[in-house]
Trainee: 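Just dropping this structure here.
Here is how names work: the chains are called A, B, and so on, in the same order as the sequence lines, proteins then strands, and each is numbered from 1.
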Amino acid sequence: MDLSFPLATIAPTLDAGVLQVLAATTAGCTAAEVHRRLGRGSDEGVRKVLARLVVQGVVLVETPARYPIYRLNREHLAAPHIEALSKVRGELVGLIRSEVADWEVEPIHAGLFGSFARGTADAESDIDVLLVRPEALVDGDDVAWLEQVGRLDQHISAWTGNAAQIIDLTPATLSQMARDADPLVDSWRADDIVLQGESILDLLRRLQ
Amino acid sequence: MTPRHSGRVVTCTLAECRARREQARAFLEVAKLVLTEDRREAHVAAALAVLAGIAAADAICGFSLRKWSRGQDHRQAVELLGEVALQDNTLPTKLRRLLAEKDTVHYSSALITVEKAKTMVRQADALLTEADTL
């Protein structure tokens with residue numbers, strides 16, 4: 001699933017992006033503004049998509065001045081479904097967050113990073129998850145930890161069709177990676193979306 | 001090259017939106033940390049809540065519209081937030097109320113009440129909650 005443009009699960013890619021841009025705002029946009037916010041496709045392609053969606057009635061067009069203004073027709077029967085699909089990214093973050101919040105063995109940190117966190121994921125992208133385990137897992141807790149991580153892996157794949165790439169670290173390993181200036185640590189510092197526990201910046205400061 | 005500025009609204013990148021959201025989170029975390037029944041500390045929390053609210057509103061506008069408001073025109077910031085298809089439709093009002101207290105908490109010698117500070121922290125929290133869904 002393309003989690004940057006979830007509507008692409010049911011619509012051609014450019015149509016999905018155009019609908020996503022219009023669903024994000026209650027205001028009208030010119031075709032050029034839709035294209036700018038979308039950041040992909042051609043200007044001509046965006047105009048063709050808008051014309052097609054106007055024919056379907058799901059997009060309204062008016063020309064108050066020189067350029068036509070387009071807006072999502074929120075009274076259209078399809079509009080609530082379009083809006084719901086456009087919010088799937090936030091829903092996924094919420095689902096993962098509530099699953100991790102229910103874990104028997106709590107992580108010191110759980111977060112999302114990589115292309116999904118940056119909002120640039122596509123249909124082929126993994127969902128990157130960073131987990132930092134508690135300091136010392138006693139016997140039995142280790143099994144419970146691995147079971148809950150395995151369940152999360154399966155759920156992410158079932159919810160999205162994308163593979164989960166889970167990095168499961170001890171605090172000591174995280175600390176060592178930071179000392180070694182591992183590029184992954186930089187990407188965690190820059191992109192991490194906190195799901196549970198301390199922020200990665202606080203954790204790295206504490207482990208120094 | 002396309003001009004980046006259009007009046008007092010500027011375009012932004014996803015990376016900038018994420019950074020702005022993290023700033024909002026940091027402001028709010030510290031605001032909650034210092035928010036006590038002490039009026040002096042509550043005033044500091046309220047000042048941070050305003051900064052958190054503005055940063056969170058910027059992030060919401062940036063993620064949804066790829067642009068955010070710049071400058072001192074508070075009404076424009078509220079209007080821009082009103083252009084976003086929000087899950088919580090009370091957010092433009094919450095931002096407007098936060099901004100209405102900006103001068104008092106940042107520049108006035110008068111301390112704000114503890115109750116008012118608590119309300120402002122809640123308002124900023126609601127803005128960040130919305131930003132976190134994007």
Trainee: Looking only at heavy atoms, what is the nearest atom pair of A:R36 and B:T11, with distance?
Mentor: NH1-CG2, 3.2 Å
Trainee: Taking C-beta and beyond as the side chain, do B:Q87 and A:E83 meet within less than 4.5 Å on heavy atoms?
Mentor: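 In short, these two side chains do not touch, never coming nearer than 4.5 Å.
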Trainee: CD1 of A:I193 to CZ of B:R21: how many Å apart, nearest 0.5 Å?
Mentor: 5.0 Å
Trainee: Just how far is it from atom CZ of A:R37 to atom CZ of B:F63, taken to the nearest 0.5 Å?
Mentor: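 Result: 15.0 Å between the selected atoms.
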Trainee: Mark yes when over 12 heavy atoms from residues, nucleotides or ligands other than B:R97 sit less than 6.0 Å from its CZ; otherwise mark no.
Mentor: no
Trainee: Go through B:L14, B:L86, B:V84, B:L65 and name the one with the most non-hydrogen pairs under 4.5 angstrom from chain A.
Mentor: B:L65
Trainee: To the nearest 0.5 Å, what is the distance between CD (A:E33) and NZ (B:K67)?
Mentor: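 If we round to the nearest 0.5 Å, A:E33:CD and B:K67:NZ are 4.5 Å apart.
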Trainee: Between atom CD of A:Q20 and atom OG of B:S64, what is the distance when rounded to the nearest 0.5 Å?
Mentor: 9.5 Å
Trainee: Measuring heavy-atom distances to chain A, does B:R25 have an atom under 4.5 Å in its side chain, in its backbone, in both, or in neither?
Mentor: neither
Trainee: Heavy atoms only: give me the nearest A:A23-B:A85 pair and the separation to one decimal.
Mentor: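 It is O-CB, 3.1 Å.
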Trainee: Can you name the closest pair of heavy atoms from A:A117 and B:R18 and give their distance?
Mentor: O-CD, 3.2 Å
Trainee: Surrounding CD of A:E62 (heavy atoms of other residues, nucleotides or ligands, distance under 6.0 Å), is the total greater than 12?
Mentor: yes
Trainee: I'd like to know whether NZ of B:K102 has more than 12 heavy-atom contacts from other residues, nucleotides or ligands below 6.0 angstrom.
Mentor: yes
Trainee: With side-chain hydrogen bond (donor to acceptor under 3.5 Å, both in side chains) as the rule and sequence neighbours excluded, what pairs involving residues 26-43 of chain B come up?
Mentor: B:K32-B:D125, B:T36-B:E41, B:E37-B:K118
Trainee: Among residues 127-134 of chain B, which residues come closer than 4.5 Å to chain A, judged by heavy atom distances?
Mentor: B:T133, B:L134
